[in-house]
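Index from 1, following the sequence. The model shown is predicted, which means the values in this text are computed figures rather than measured ones.
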Amino acid sequence: MLLAIDVGNSNIVLGVFDKNKLLCSGRLHTVQLDTEIDYSMKLQKFLEINNASCIDGAIISSVVPALVRVLKKSVQLVCGVDAIIVGPGIKTGINIKMDNPAEIGADIIVGDVAAAQKYPLPAIVFDFGTATTASVIDKTAGHIGGAIVCGVKTALGALSSSAAQLPDIDIMPPAKIIAKNTLDAMRCGAVVGTAAMMEGLVARFEKELGEKATVIVTGGLGKVIAKASCLDIKVDENLLLDGLKILYEKNTK
């Protein structure tokens, strides 16, 4: 079985594959101050709950550098395997056409790898997390760039903490687009506004590409935003886990 770990700024997503089947997945809060023992206990519990004890391979992608060594050690302690780390030198099959390829986040590469194998190219991948990232992949499987926007929850948190009369809200579609109350107005801005932003970016990306692209959405809020959009969207909640599995296979065969 393969253990795939995607470390984000807010959450760590865990997945266990048996060949091509995703047996189970789950989320942990990202806590930078946790030790390898803390994460070992959490990992052990996750595997026990899901009856996934026969781990013979592991791969880790992280946008939190401080946790790479900690999680690699935790995997070694719990599973007895040496995890592959997504980073420089790993085989991806993606041609990074950036000014400085070292700047690109591991999560973006993992998403690109999965998108290039699972969907028609060119493609545009939106990952709705702490930050919202847009990744553009051309028809030759080259990462040609994209955009980074403040994440939906991040933006709402800043808004409610800076404006005394605006509360914390749950993120869901508003009752009407033209909102009749403060809560729906905030939901409209967060959900419909983000969907409209995505639509605008896609239109401009496709104009620069010179052709239509497959639009893929992932991340914790991806499904909510996709439902509010007028675009034809592929919602893929396990895109990064699939990408990690593909990368593991590319680098172990």
Side-chain angles (χ1 to χ4, degrees), residues 1-94 105-118 125 127-130 216-223 235-253:
M1 293 184 185
L2 171 66
L3 172 64
I5 302 177
D6 173 51
V7 183
N9 289 295
S10 300
N11 294 288
I12 298 172
V13 180
L14 307 170
V16 176
F17 289 89
D18 184 3
K19 297 180 180 179
N20 290 325
K21 183 180 180 182
L22 180 62
L23 295 181
C24 59
S25 63
R27 289 174 178 262
L28 302 173
H29 288 302
T30 303
V31 184
Q32 292 198 43
L33 296 179
D34 272 4
T35 66
E36 58 199 37
I37 298 300
D38 293 323
Y39 277 112
S40 294
M41 294 170 65
K42 294 176 183 179
L43 177 57
Q44 181 73 44
K45 184 59 68 176
F46 168 77
L47 295 174
E48 286 178 357
I49 289 171
N50 290 286
N51 295 314
S53 58
C54 300
I55 302 297
D56 52 21
I59 184 167
I60 299 171
S61 165
S62 178
V63 298
V64 185
L67 288 181
V68 173
R69 185 195 62 81
V70 172
L71 285 167
K72 184 178 176 70
K73 181 62 175 177
S74 297
V75 171
Q76 177 65 44
L77 288 171
V78 175
C79 305
V81 298
D82 190 22
I84 293 174
I85 305 299
V86 178
I90 195 171
K91 297 176 185 178
T92 65
I94 299 294
D107 57 334
I108 293 176
I109 291 298
V110 173
D112 285 1
V113 167
Q117 181 155 318
K118 296 177 69 177
V125 180
D127 188 347
F128 291 95
T130 304
I216 306 150
V217 162
T218 191
L221 294 172
K223 186 181 291 187
V235 178
D236 193 333
E237 295 177 281
N238 296 318
L239 185 73
L240 268 63
L241 290 178
D242 288 341
L244 285 170
K245 181 182 75 69
I246 294 166
L247 282 172
Y248 181 84
E249 292 170 349
K250 283 180 179 289
N251 287 272
T252 53
K253 288 182 179 179

Rounded at 0.5 Å granularity, tell me how far CZ in Arg69 sits from CD1 in Ile60. 11.5 Å
Stepwise side chain to side chain contact (heavy atoms under 4.5 Å, CB included) check, Leu241 with Asn238: CA-CA 5 Å; Leu241 290 178; Asn238 296 318; 4.1 Å; yes
Could you check whether any side-chain N or O of Lys91 sits under 3.5 Å from a backbone N or O of Asn251, counting only pairs where one atom can act as donor and the other as acceptor? no
Using 0.5 Å steps for rounding, measure from the NZ atom of Lys118 to the CG atom of Leu239. 6.0 Å
Which residues pass the salt bridge (Lys or Arg N to Asp or Glu O under 4.0 Å) test with Asp18, sequence neighbours left out? none
Intermediate values then yes/no, side chain to side chain contact (heavy atoms under 4.5 Å, CB included), Ile59 and Leu247: CA-CA 8 Å; Ile59 184 167; Leu247 282 172; 3.8 Å; yes
Is there a side-chain contact between Asp107 and Leu240 (heavy atoms, below 4.5 Å)? yes
Kindly compute the distance separating CG (Leu71) from CD1 (Ile12), expressed to the nearest 0.5 Å. 5.0 Å
Can you find a pair of side-chain heavy atoms, one from Asn9 and one from Val63, that are under 4.5 Å apart? yes
One should read off an interatomic distance between Thr130 OG1 and Asp127 CG, to the nearest 0.5 angstrom, of 9.5 Å
Using atom types as modelled and distance alone, determine if a side-chain donor or acceptor of Ser25 lies under 3.5 Å from a backbone N or O of Leu14. no
Beyond-backbone contact of Lys250 with Thr92, side-chain heavy atoms, under 4.5 angstrom: no
Asp6 side chain near Val110 side chain, heavy-atom distance below 4.5 Å: no
Note, Glu249 side chain near Lys245 side chain (heavy atom, < 4.5 Å): yes
Go through the steps for Leu28 and Thr30 under the test side chain to side chain contact (heavy atoms under 4.5 Å, CB included), then give the verdict. CA-CA 6 Å; Leu28 302 173; Thr30 303; over 6 Å; no
With rounding to the nearest 0.5 angstrom, report the CD to CG distance, Glu237 to Leu22. 11.0 Å
With a sphere of 6.0 Å drawn around CE of Met1, does it hold more than 12 non-hydrogen atoms of other residues, nucleotides or ligands? yes
Within the structure provided, determine whether Gln76 and Val81 are in side-chain contact (heavy-atom separation under 4.5 Å). no
Show the numbers, then the answer: is there a side chain to side chain contact (heavy atoms under 4.5 Å, CB included) between Val217 and Asp236? CA-CA 6 Å; Val217 162; Asp236 193 333; over 6 Å; no
Does any part of the side chain of Ile5, heavy atoms only, come nearer than 4.5 Å to the side chain of Leu3, both counted from C-beta? yes
So how far is it from Leu244 CG to Ile109 CD1, rounded to the nearest 0.5 Å? 12.0 Å
Taking all heavy atoms of Ser61 and all of Ala106, pick out the closest pair and write down the distance. OG-CB, 3.5 Å
Between Cys79 and Leu47, is any pair of side-chain heavy atoms under 4.5 Å apart? yes
Taking the cut-offs as 6.0 angstrom to the six-membered ring centre and 45 degrees off its axis, would you call Lys42 and Tyr39 a cation-pi pair? yes
Is Lys73 atom NZ crowded by more than 12 heavy atoms from other residues, nucleotides or ligands, each under 6.0 Å away? no
